There are 2 protein chains.
Amino acid sequence: MASSDRRGPYICGIDAAMDVVSGKWKSLILWELANYGTRRFGELKRGLPGVSEKMLIQHLREMEQDGLLHREVYREVPPKVEYALTEHGRSLNEALGPLGEWGQRRAERLAAEGTPPPA
Amino acid sequence: MASSDRRGPYICGIDAAMDVVSGKWKSLILWELANYGTRRFGELKRGLPGVSEKMLIQHLREMEQDGLLHREVYREVPPKVEYALTEHGRSLNEALGPLGEWGQRRAERLAAEGTPPPA
DNA sequence: CAGAATCCGCCAAGATACTG
DNA sequence: CAGTATCTTGGCGGATTCTG
């Protein structure tokens, strides 16, 4: 278990939701699955440049336990596992929509105001 | 500087926003200021049970730098500082609305399904 | 291909004490 | 009252190696 052992008493709805999306790659996983519908482990890894296999599987497991995504295992010779959002995952992604737009505007604002990424 | 030195290249809008709200108490500070309009340091501290002064001031400073809130200092005999959301802060709070509702439903669901907070 | 297991660095966050 | 300064630590996340 990593950060998933909170499920604590929540002050308000926000941190109940944050408890589920906090984690460096979770929102990106959500975004990836929402766009592509279904993705394999390797596809996700390639789609998230810089993620380690450990963090990817860890986040995937936590999100599965949280009922956000479904994990389908195909018992074939080359192992194959597919991940897809559940209804809960899709609803979370929709709830994240306005926040994404806000962040988008913010990013554009930062770029315009002369705070370009140093590298 | 703590977590504020990212402002990196963002993959999508979500993590641009997450970069600003991530931090154990930020969403709660936002919620507190949105509800009360204006709050003093001590009021915020009392409103956020368990927060340390260090983390509170640290988060407040970062949110101020991010243009989310305004800090008004009154040079009086007992020092007095008031915090209030800026237009950006309010818009962020609005963008957080749907996520808050989602988390609210999730919390109710958890409570109903028999995952009551242990403590 | 899709993980599991292990070791480790680093930084967010906690605790404590001091100050204008 | 509203911070600041310093020390410490828990655990998130990275890198590497091994397996079904």
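Values below: all heavy atoms of this structure, side chains included; hydrogens, waters and symmetry mates excluded. Throughout, protein chains are lettered first and strands after them, A, B, ... in sequence-line order, and every chain is numbered starting at 1. Since this is a predicted model, take the numbers as computed values, not measurements.
In this entry the distance linking CD of B/Glu62 with C1' of C/dA13 reads 12 Å, nearest Å. Rounded to an integer number of Å, the gap from CD of A/Glu76 to C1' of C/dA2 is 12 Å. For A/Lys24 and C/dC10, the NZ to C1' distance is 12 Å, given to the nearest whole Å. Rounded to an integer number of Å, the gap from A/Ile29 CD1 to D/dG13 P is 11 Å. Per the geometry, CZ belonging to B/Arg75 stands 13 Å off C1' belonging to D/dA2, to the nearest Å. Between the C1' atom of C/dA2 and the CG atom of A/Leu56 lies a distance of 10 Å, rounded to the nearest Å. Straight-line distance from the CH2 atom of A/Trp25 to the P atom of D/dC12: 17 Å, rounded to whole Å. Look at NZ on B/Lys26: it is 10 Å from P on C/dA12, rounded to the nearest Å.
Within the 4.0 angstrom heavy-atom criterion, only backbone atoms of the sugar-phosphate kind lie near B/Arg71; the bases stay farther away. Nucleic acid contact for A/Tyr74: none, since no nucleic acid atom lies under 4.0 Å from a heavy atom of the residue.
Note on the helix from C/dC1-D/dG20 to C/dG20-D/dC1: terminal axis deviation equals 50°, with five pairs used at each end and the result rounded to 10°.
Evaluation of the side-chain hydrogen bond (donor to acceptor under 3.5 Å, both in side chains) rule for A/Arg61 yields no partner, not counting sequence neighbours. For B/Lys45, the salt bridge (charged side-chain N to carboxylate O under 4.0 Å, His left out) test picks out B/Glu53, with sequence neighbours left out. For B/Val73, the side chain to side chain contact (heavy atoms under 4.5 Å, CB included) test picks out B/Arg71, B/Val81, with sequence neighbours left out. Take A/Glu64 and apply the side-chain hydrogen bond (donor to acceptor under 3.5 Å, both in side chains) test, not counting sequence neighbours, and it matches no residue. Contacts of A/Arg39 classified as side-chain hydrogen bond (donor to acceptor under 3.5 Å, both in side chains), with partners at least two apart in sequence or in another chain: A/Glu32. Checked against salt bridge (charged side-chain N to carboxylate O under 4.0 Å, His left out), B/Arg46 has no partners two or more places apart in sequence or in another chain. The salt bridge (charged side-chain N to carboxylate O under 4.0 Å, His left out) check on B/Glu87 picks up B/Arg90, with sequence neighbours excluded. For A/Glu43, the side-chain hydrogen bond (donor to acceptor under 3.5 Å, both in side chains) criterion is met by no residue, not counting sequence neighbours.
Sequence neighbours left out, not one pair with a member in residues 99-108 of chain B passes salt bridge (charged side-chain N to carboxylate O under 4.0 Å, His left out).
Between B/Leu60 and A/Met55, the residue whose closest nucleotide on DNA chain D is further toward the 5' end is B/Leu60.
Regarding contacts with the backbone of C/dG3, a side-chain N or O of A/Arg61 is found under 4.0 angstrom from either OP1 or OP2. At C/dA12, none of the side-chain N or O atoms of B/His59 fall inside 4.0 Å of OP1 or OP2 (strictly under the cut-off).
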Exercise. Heavy atoms under 4.0 Å is the rule here; annotate nucleotides 15-20 of chain C 5' to 3' with B where the base is hit, S where only the sugar-phosphate is, and - elsewhere.
Key: B----B
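Looking only at side-chain heavy atoms (C-beta outward), A/Asn93 and A/Leu68 stay at 4.5 Å or farther from each other. Side-chain contact between B/Met18 and A/Lys26 is absent, with no heavy atoms from C-beta onward closer than 4.5 Å.
Heavy atoms from other residues, nucleotides or ligands lying under 6.0 Å from CH2 of A/Trp31 number 12 at most.
Residues from residues 40-49 of chain A that place a heavy atom under 4.0 Å from any atom of DNA chain C, listed by number: A/Arg40, A/Phe41, A/Gly42.
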